[in-house]
Amino acid sequence: MIIDKLDLELWMISLIGNHNADAIRTVTIPKWKNEGFVVNLFNAITPKTIHNSITKLDFGYKNTKSTKTDIEFTETEKAIWYSHFHLWQKCVEINKPLLIIEEDVKPIKKFKDTWQTSYYKDSYY
């Protein structure tokens, strides 16, 4: 699949209304706009808003390398998963690739206008 930068939607997971996050976006958004992207904001799921999600994810346990024990995901880790999951669902619904980033991410070098991916839709069936 060849992806054209002009056809790619960029979605930024953001803590809208958080003073520190708002300040970070004043730096990162212009960098993405300079690369030719329109920046769409997705209001991040947080531990306080996680219960609003219609889809309920079943979190098992994560294995820690240091102690080699299974521990539960924190509420913050679950919220991060939900934020990404909702945008992955959007990607499937609109049937087009999305560039999903968090608000502290900025490009460090020029994006190519097009690039080839190794994703082939039929390979998942």
Side-chain angles (χ1 to χ4, degrees):
M1 169 190 257
I2 295 176
I3 298 175
D4 187 321
K5 180 171 84 171
L6 298 175
D7 294 331
L8 187 62
E9 288 185 29
L10 184 146
W11 283 85
M12 181 180 282
I13 299 171
S14 304
L15 291 168
I16 298 170
N18 175 290
H19 177 72
N20 292 333
D22 293 343
I24 289 170
R25 284 193 310 278
T26 64
V27 174
T28 58
I29 288 177
K31 301 283 186 186
W32 288 107
K33 287 183 176 179
N34 286 342
E35 285 297 319
F37 288 98
V38 172
V39 178
N40 301 285
L41 297 182
F42 176 84
N43 198 11
I45 307 294
T46 67
K48 290 181 181 178
T49 63
I50 202 168
H51 65 279
N52 295 338
S53 182
I54 295 170
T55 305
K56 301 298 180 202
L57 298 176
D58 183 19
F59 290 93
Y61 292 89
K62 60 181 177 177
N63 187 279
T64 60
K65 291 181 182 178
S66 59
T67 62
K68 296 185 179 171
T69 59
D70 292 334
I71 59 174
E72 291 186 38
F73 285 86
T74 67
E75 292 304 304
T76 298
E77 290 170 326
K78 290 178 184 178
I80 292 167
W81 268 100
Y82 272 102
S83 293
H84 286 266
F85 182 77
H86 284 288
L87 286 171
W88 297 333
Q89 284 182 313
K90 179 176 184 56
C91 179
V92 170
E93 288 168 13
I94 65 173
N95 194 30
K96 100 183 239 190
L98 303 178
L99 179 55
I100 301 169
I101 62 172
E102 296 188 16
E103 60 205 346
D104 59 347
V105 173
K106 62 184 176 185
I108 57 172
K109 64 180 184 177
K110 183 129 182 76
F111 264 71
K112 295 179 182 178
D113 291 333
T114 62
W115 62 93
Q116 178 83 32
T117 70
S118 59
Y119 168 77
Y120 293 100
K121 186 174 183 176
D122 294 335
S123 67
Y124 288 94
Y125 297 104

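One is the number of the first residue; the rest follow in order along the sequence. Just so it is clear, the structure is predicted and the values come from calculations on it, not from any experiment.
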Salt-bridge contact K78-E75 (side-chain N to carboxylate O under 4.0 Å):
yes
For a quick check under 3.5 Å, do E102 and H84 share a side-chain donor-acceptor pair by atom type?
yes
Between K5 (side chain only) and E35 (backbone N and O only), is there a donor and an acceptor less than 3.5 Å apart?
yes
Output yes when a side-chain donor or acceptor of T114 lies under 3.5 Å from a complementary backbone atom of I3, and no otherwise.
no
Please report the interatomic distance CG(N43) to OG1(T49), rounded to the nearest 0.5 Å.
7.5 Å
Answer yes or no: is there a donor N or O on one side and an acceptor on the other, between the side chain of S14 and the main chain of I16, under 3.5 Å?
no
Report yes or no: does Y61 contribute a side-chain atom to a donor-acceptor pair with the main-chain N or O of T69 at less than 3.5 Å?
no
Report yes if the side chains of M12 and T28 come closer than 4.5 Å at any heavy-atom pair, otherwise no.
yes
Crowded around K112 NZ? As in, over 12 foreign heavy atoms under 6.0 Å?
no
Among residues at least two apart in sequence or on other chains, which ones pass salt bridge (charged side-chain N to carboxylate O under 4.0 Å, His left out) with K62?
E77
Taking C-beta and beyond as the side chain, do L10 and I100 meet within less than 4.5 Å on heavy atoms?
no
Side chains of I101 and W11: closer than 4.5 Å at any heavy-atom pair?
no
Do P107 and W32 have side-chain heavy atoms sitting under 4.5 Å apart?
yes
Within the side chain of E9, is there an N or O that forms a donor-acceptor pair under 3.5 Å with the backbone of L99?
no
Working to the nearest 0.5 Å, report the span between OG1 of T74 and CZ of F59.
9.5 Å
